[in-house]
Amino acid sequence: MLSKALLASLALLASGSLPDGPIIAAWQDWSACNETETLRAVKEGVNVIFWFAISLVKDQSTQQPTITGGPDVECVAKVRGAIEQLGLPTSHLITIGGWDAPHPDTSFIGEQWFDVWNEWNNRLPVPFDGFDWDLEGNDDVSSRDNEFTPQCLQLVIDMSVAAKTAGLLATLAPPQSYFDVTTQEFNRFLNNSDPQWHPEFHYMGRNSYAYLLAAAPAGTFDLVEVQLYETFSPALRSLDMGMPGDEYLRLWSKALLAGWKINVTDPMLPLKGLVPVHLEPSRFIAALSFAPGSSAGRSAFFWPDQVQRAYQEADPSKRPRGYAFWNIAMDGSKVNDTSQKVHFARSLNSFLHVRPTEAEDPFVV
Ligand SMILES: *[C@@H]1O[C@H](CO)[C@@H](O)[C@H](O)[C@H]1NC(C)=O
Ligand SMILES: *[C@@H]1O[C@H](CO)[C@@H](O)[C@H](O)[C@H]1NC(C)=O
Ligand SMILES: *[C@@H]1O[C@H](CO)[C@@H](O)[C@H](O)[C@H]1NC(C)=O
Ligand SMILES: *[C@@H]1O[C@H](CO)[C@@H](O)[C@H](O)[C@H]1NC(C)=O
């Protein structure tokens, strides 16, 4: 009989690494730190947690680079301690950004921001294994945060390269239109609209994160979690045209992993021309959500059995390493304006086998 302490130490991951094998990742809701919900998610399958979310801002009184926002760090340490007691390998990242959040202040370059972040991180009761970029747009359609400046794009790349050098994780969480295999179109704006598809919607990207992946040294980003549930995403367009969800997921994954090119004509960027975008299956995560309330019909929703079919029918080289979902607090809630409840952690685990399911759990007697 192994002692609890030994089990816990066996489960410890080297800091800055991902669990082996398939991944079920999940974001926490803004600032959330609920021990009950988080432990349940981890037991049911989640092995990567994105805590949510900090910003990189210049303090207006001191003019110094400062980390703002995020969950209560004492609470995160307590919950992480409880996860370690369970002996279930889990990586923990802190997300930078979120919808309506400021983009990093480019008065400081990426290497400087990494040093600031790393000092902040090392002062935490339990440091994070790295960070997850979720820089997005802003409800105010003319906000400056609906544009990625060339400096901001470079900052994301440089800070991520510095994290890798330090042995930490860096991941990307693009809304699907920011990383869109269906088009070569590229620009740095996050307030585009499409005259052919919900022209009233003004918050589409055009492959800005595809540029980040293409412009960074190979291997900089450990995972790319593509948010299929972005409002009026390319996925929703295909589903609305009648494509079944499992078929969509299978064809989209295959196309994305085959790679595509983006047409960069921006004179302010170092890369120009038709730039190839290539993501390995081991770094590819499809991100799902519950289409709650009024987002039904505006946010692509996939039933877990559709996800399972798409995964199991695909050659391993043509499917994602795993899935992510937004968010832990919503797991088990009613979906897509129906009375049916979906448990993503449990359902994904039933075929990805990240955690032992109850029947095979050697610790349940
Ligand atoms: C944590 O989540 C549980 C289960 O959803 C809920 O009952 C509880 O009220 C939450 N705790 C806090 C402090 O929000
Ligand atoms: C999109 O955002 C940019 C950057 O803030 C702004 O200059 C531009 O006017 C916005 N476009 C629209 C259509 O509002
Ligand atoms: C790239 O975009 C430019 C400007 O819109 C266009 O002139 C050019 O033909 C495009 N290149 C390709 C290969 O589509
Ligand atoms: C989700 O709800 C929308 C709007 O009611 C519907 O058109 C769509 O078919 C539903 N999606 C699934 C996968 O059931």
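Each ligand, and each atom within it, is numbered from 1 in the order the structure gives. Count residues from 1 along the sequence. Quick note: numbers below take in every heavy atom, side chains included, and nothing from hydrogens, waters or symmetry partners.
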After noting the C-alpha distance and the side-chain angles of Asp139 and Trp99, does the key distance pass the side chain to side chain donor-acceptor pair (under 3.5 Å) rule?
-> CA-CA 8 Å; Asp139 280 316; Trp99 187 258; 3.2 Å; yes
Go through the steps to decide whether Gln308 and Ser347 satisfy the test side chain to side chain donor-acceptor pair (under 3.5 Å), and finish with yes or no.
-> CA-CA 9 Å; Gln308 175 170 3; Ser347 310; over 6 Å; no
Chi angles and distances behind the salt bridge (charged side-chain N to carboxylate O under 4.0 Å, His left out) call for Arg309, Asp305 | CA-CA 6 Å; Arg309 259 198 313 280; Asp305 64 307; 3.5 Å; yes
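When ring centroids are compared, Phe52 and Phe50 stay outside the 6.0 Å threshold.
Nearest protein heavy-atom contact of atom 13 (C) of ligand 1 is Asn34 ND2, 4.6 Å. Of the protein's non-hydrogen atoms, Asn336 ND2, 2.9 Å is the one closest to atom 11 (N) of ligand 4.
Protein non-hydrogen atoms do not reach within 4.0 Å of atom 7 (O) of ligand 4. Distances from atom 2 (O) of ligand 4 to the protein include at least one heavy-atom value under 4.0 Å.
Thr38 pairs in a side-chain hydrogen bond (donor to acceptor under 3.5 Å, both in side chains) with only one of the listed residues (Lys43, Arg80, Gln28), which is Gln28.
Backbone and side-chain nitrogen or oxygen atoms of Glu37 are examined, and one is located within less than 3.5 angstrom of a nitrogen or oxygen of ligand 1. For Asn263, a nitrogen or oxygen atom sits less than 3.5 Å from a nitrogen or oxygen atom of ligand 3, counting backbone and side chain alike.
When each atom of ligand 3 is checked for a heavy atom of Thr265 under 4.0 Å away, the hits are 1 (C), 2 (O), 3 (C), 4 (C).
Only the side chain of Trp303 comes within 4.0 Å of ligand 4, judged by heavy-atom distances.
Taking 4.0 Å as the cut-off between side-chain N and carboxylate O, Asp194 and Arg237 count as a salt-bridged pair.
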